Protein chains: 2
Amino acid sequence: MNILVIEDEKNVASFIKKGLEENGMIVTLAYDGETGLSLLQEQEYNVIVLDVILPQVNGWEVCNRIRKQLRLKTPVLMLTALSSTDNLVKGFEQGADDYLAKPFKFQELLVRVKALDRRNRNQVATQSVLRFDDIEMNMEQKMVTRAGKEIKLTSREYNLLEFFMKNPNKVISRMEILENVWGVNFDLGTNVVDVYVNYLRNKLEKNFEKKVIQTVVGMGYILRAN
Amino acid sequence: MNILVIEDEKNVASFIKKGLEENGMIVTLAYDGETGLSLLQEQEYNVIVLDVILPQVNGWEVCNRIRKQLRLKTPVLMLTALSSTDNLVKGFEQGADDYLAKPFKFQELLVRVKALDRRNRNQVATQSVLRFDDIEMNMEQKMVTRAGKEIKLTSREYNLLEFFMKNPNKVISRMEILENVWGVNFDLGTNVVDVYVNYLRNKLEKNFEKKVIQTVVGMGYILRAN
DNA sequence: AGTCTTTTTCACGATTCTGAACGAAATTTA
DNA sequence: TAAATTTCGTTCAGAATCGTGAAAAAGACT
């Protein structure tokens, strides 16, 4: 289970990290909201622990942006020093899923994190996002980004990339591609695959440093980071 | 707001009752699970405060029966002396919505009760109202507004929009739409879907800045803000 | 009958797909 | 090493498909 903790007080942060790690969780720390948000773009987390009081952008704002901007449904547990009703209600309005008033016992935190994860698992079976290196493919929105930049693909190009991303670091033959992307299972003497790989490369690798689709002469292609 | 408190320790019970009443709530006490369950059959409550340790039937069992037997979705706040993880996870499994470890400050209880009520109200509300960006769909009144302005739709148009709003930010294929809105599950070579999307666009996007229904060539359509 | 809603059809333009052609690169053969 | 062969990358133009809007036809309801 991956947890992102956004908390500026370093001793509190490392206290939480240590405790959660002792319970078998993988914990990433962010000491401010912006860092947290960019981490969320890079990787998927199961639960976010978010302090309300943060430098610059406060926790509510961060929470709001997680929902509205990043469109993530990852459950958020808010940590708050102020346990007044109004403040908390505000938290829920911004899309927090639970809150915990400081100071708290670690057991409390642990239980809540587990409960949030549990609740979430039941609701959303899978977040349909494929990732490879800095390429991200949202299978619901059929949207692809590389290093955060949107890359518009036609449907055939998209399907081809999806096949690559479902078989990363693995040489794929032209036949396999034809079968799985074009639905053809006989060799029509065509080079469509070559052409489309070329299209993909143009869209996916131009303006970027690293090449990701490499050809393996006589065998096919492979999606590999450098 | 009606609260049912199921708690056998009379001094704790009356302490809670008094406090909640001071905050304008109507509180009913039950000193054991059976009494609580029968009260729930007679009247509707907004929130249930339930002690885990009760004579005869324990709190988890009561919670379980509230969900499985009475089929009530009334939010349950569990009071527990044991804040160990396992016990609490068990509580959530039985359908509790939140918990509070004894001893607690009254403020904590109050906040949680309010939060539960609030969450519940929102859920019930959103059961009949769908929102996306500035579009609001009242499913009881079958009425749609955008930016507060009413938009009159025919029933087919309404059903189509409803399907979109239930699958926001997700590419929907023509087939899916045909199946779910027209109830056809074979490909009659028609472009009704295209036509109706077009109707929706006319009614929903003319006179407004932002387009919300976008076509994804070769794949279908997507309801997406901007 | 008359209005409103729904379905179907059509045509144009835009996008996407595909095969062919050819040079470049890699591999094999001589 | 050089030549021959195979494989690959790229470009391009025609073909096929798809999206859109309008308009006509069919159906439902009053």
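As a basis for the values below, the full set of heavy atoms in this structure was taken, side chains included, without hydrogen atoms, waters or symmetry mates. Letters A, B, ... are given to chains in the order of the sequence lines, protein chains preceding strands, and every chain is numbered from 1. Because the structure is predicted, anything quoted here is derived from the model rather than measured.
When distances are taken from the side chain of N191(A) to each of dT10(D), dT7(C), dC17(C), the shortest belongs to dT10(D). The side chain of R201(B) has dT20(D) as its nearest neighbour among dT8(C), dG21(D), dT20(D). With dT18(C), dT8(C), dC17(C) as the candidates, the nucleotide lying closest to the side chain of S155(A) is dC17(C). The side chain of Y221(B) has dT20(D) as its nearest neighbour among dT11(D), dT20(D), dC17(C). Side-chain atoms of D194(A) lie closest to dC8(D) of the nucleotides dG19(D), dT18(C), dC8(D). Comparing dC8(D), dG21(D), dA23(D) by their nearest atom to the side chain of V217(A) picks out dC8(D).
The phosphate of dT18(C) has OP1 or OP2 within less than 4.0 Å of a side-chain N or O from W182(A). OP1 or OP2 of dT15(C) has not a single side-chain nitrogen or oxygen of R156(A) nearer than 4.0 Å. The side chain of R174(A) contributes an N or O atom lying less than 4.0 Å from OP1 or OP2 of dC8(D). The side chain of T215(A) places an N or O atom within less than 4.0 Å of a non-bridging phosphate oxygen (OP1 or OP2) of dG9(D).
A donor-acceptor contact under 3.5 Å is not formed by the side chain of Y196(B) with the base of dT8(C).
Atom P of nucleotide dC8(D) and atom CD1 of I177(A) are separated by 11 Å, given to the nearest angstrom. One can place CD1 of I172(B) at 14 Å from P of dG19(D), the figure rounded to the nearest angstrom. Atom CG of N198(B) and atom P of dT8(C) are 17 Å apart (whole Å). L160(B) has its CG atom 11 Å from the P atom of dT7(C), to the nearest Å. One atom, CD of E205(B), and another, P of dT20(D), lie 11 Å apart when rounded to the nearest Å. Between E157(B) atom CD and dT5(C) atom C1' there is a gap of 8 Å when expressed in whole angstrom units. Regarding Y199(B), its OH atom lies at a distance of 15 Å from the P atom of dC4(C), rounded to whole Å. At whole-Å resolution of the value, CG in L200(A) and P in dC17(C) are 11 Å apart.
Closest of all the heavy-atom pairs between V193(A) and Y221(A) is CG1-CE1, 4.2 Å.
Because its NZ or CZ atom is both nearer than 6.0 Å to the ring centre of F208(A) and within 45° of the ring axis, R146(A) counts as a cation-pi partner of that residue.
One finds a salt bridge joining R112(A) and D98(B) here, because a Lys/Arg side-chain nitrogen approaches an Asp/Glu carboxylate oxygen to under 4.0 Å.
Side-chain N or O atoms of R67(B) include one that pairs as donor or acceptor with a backbone N or O of L72(B) at under 3.5 Å.
With a 4.5 Å cut-off on side-chain heavy atoms, D194(B) and R174(B) count as touching.
Remark on DNA chain D: of its neighbouring residues M219(B) and V195(A), the 5'-side contact belongs to V195(A), judged by nearest-heavy-atom nucleotide.
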